[in-house]
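As the structure is a computational prediction, the values presented were derived from the model and not from experiment.
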Amino acid sequence: MSSAEQDLISGETVTWRARVHWFVLFWPLVITVILGLFGLVFLLAVATPGGSVGGSLILGAIGLACLVTASAEAGFGYASWKSAEALLTDRRIVVRSGVFRTTALSIFLATVESATIQQGSVGKALDFGTLVIRLRGGAVKYLRRIWHPSSFQRCLQQTLPNHAEII
């Protein structure tokens, strides 16, 4: 059972599950690779002949710090990607995200006025985007970088009470 499914009301059924697209791992991966390469270069420099002991210790410490930071970046990026999800149920939209500090959002379908999709060129190519949900009363909620936003929007339109118009 996912963390968002723990928030379901008894008798509530899930009609669609949206995940954050894997593309959000791009920058953590770039940072991990760069820091990892720097760490390896510094650690390889320790083994060069003719260096001082103090200099070797400093190079080794910097290399180790770069590798630990690269590992932490990769781990936190993956954990935050894996922990984010949105569920569309027959009554509401439930969104949960966060590793150490969890953010939970619940939007009842009766309050949804419209939903639109925002996609850039990379988002169109990889099928991810932002679903903008406008609520009665003027509030706006964003489901950013979700996978298959048009499918989520279509399912939301079919689930809405009285089949309200979704733009």
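Within a 6.0 Å sphere centred on CZ of R134, heavy atoms belonging to other residues, nucleotides or ligands number 12 at most.
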Apply side-chain contact (heavy atoms from CB on, under 4.5 Å) to I107 and L135, showing your working. CA-CA 9 Å; I107 303 170; L135 305 176; 3.5 Å; yes
Check the pair T102, S97 against side-chain contact (heavy atoms from CB on, under 4.5 Å), reporting the backbone distance first and the verdict last. CA-CA 6 Å; T102 302; S97 64; over 6 Å; no
Go through V94 and R92 one step at a time and tell me if the side-chain contact (heavy atoms from CB on, under 4.5 Å) criterion holds. CA-CA 6 Å; V94 180; R92 60 195 176 129; 3.7 Å; yes
Under the side-chain hydrogen bond (donor to acceptor under 3.5 Å, both in side chains) criterion, do T111 and R136 qualify, and how do the steps go? CA-CA 5 Å; T111 64; R136 291 189 175 95; over 6 Å; no
Between E73 and T32, does the side-chain hydrogen bond (donor to acceptor under 3.5 Å, both in side chains) criterion hold? Intermediate values first, please. CA-CA 6 Å; E73 177 69 23; T32 298; 5.6 Å; no
Show, in sequence, the C-alpha distance, side-chain angles and deciding distance for V132 and I117, and conclude whether the side-chain contact (heavy atoms from CB on, under 4.5 Å) test is met. CA-CA 6 Å; V132 181; I117 297 172; over 6 Å; no
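Remark: side-chain polar atoms of Q153 are paired, donor with acceptor, to backbone N or O of A115 under 3.5 angstrom. Distance alone, capped at 3.5 Å, places no donor-acceptor pair between the H21 side chain and the G129 backbone. Between the side chain of T15 and the main chain of L88, a donor-acceptor pair closer than 3.5 Å is present. The backbone N or O of V20 lies less than 3.5 Å from a partner atom in the side chain of W81, making a donor-acceptor pair. A donor-acceptor pair under 3.5 Å is formed between the side chain of Q119 and the backbone N or O of F128. Between the D90 side chain and the T13 main chain, a donor and an acceptor come within less than 3.5 Å of each other. Judged by distance alone, the side chain of R19 and the main-chain N or O of K82 form a donor-acceptor pair under 3.5 Å.
I93 is not listed as a side-chain neighbour of L87, based on a closest heavy-atom distance of 4.5 Å or more. You'll find the side chain of I146 reaches within 4.5 Å of the side chain of F152, heavy atoms only. Counting only heavy atoms from C-beta outward, the side chains of S151 and W16 approach each other to under 4.5 Å. In this structure the side chain of F42 never reaches within 4.5 angstrom of the side chain of L64, judged on heavy atoms. Looking only at side-chain heavy atoms (C-beta outward), T130 and L143 stay at 4.5 Å or farther from each other.
Of all heavy-atom pairs spanning W147 and D127, the tightest one is CD1-O, 3.3 Å. Closest heavy-atom contact between P149 and L131: O-CD1, 4.4 Å. In terms of heavy-atom proximity, L67 sits nearest to G36 at CD2-O, 3.6 Å.
Under the 4.0 Å criterion applied to side-chain N and carboxylate O atoms, R96 and E85 are not assigned as salt-bridge partners.
Taking CD1 of I62 as the reference point, atom CG of L43 lies at 10.5 Å (rounded to 0.5 Å). Between atom OH of residue Y78 and atom CH2 of residue W22 there is a gap of 14.5 Å, rounded to the nearest 0.5 Å. The NZ atom of K141 sits 11.0 Å away from atom OG of S106, with the distance rounded to the nearest 0.5 Å. Between atom CG of residue L160 and atom SG of residue C155 there is a gap of 10.0 Å, rounded to the nearest 0.5 Å.
The hydrophobic clustering, which links ILVMFWY residues whose side-chain heavy atoms are closer than 4.5 Å, places W27 and V122 together. The hydrophobic clustering, which links ILVMFWY residues whose side-chain heavy atoms are closer than 4.5 Å, places F76 and L29 apart. Hydrophobic clustering, with ILVMFWY side chains joined whenever heavy atoms are under 4.5 angstrom apart, keeps Y142 apart from L105. There is a path of hydrophobic side-chain contacts, each under 4.5 Å, that joins V24 to L126.
Using a 30° and 60° split on the angle between ring planes, F26 and F23 fall in the parallel class, below 30°.
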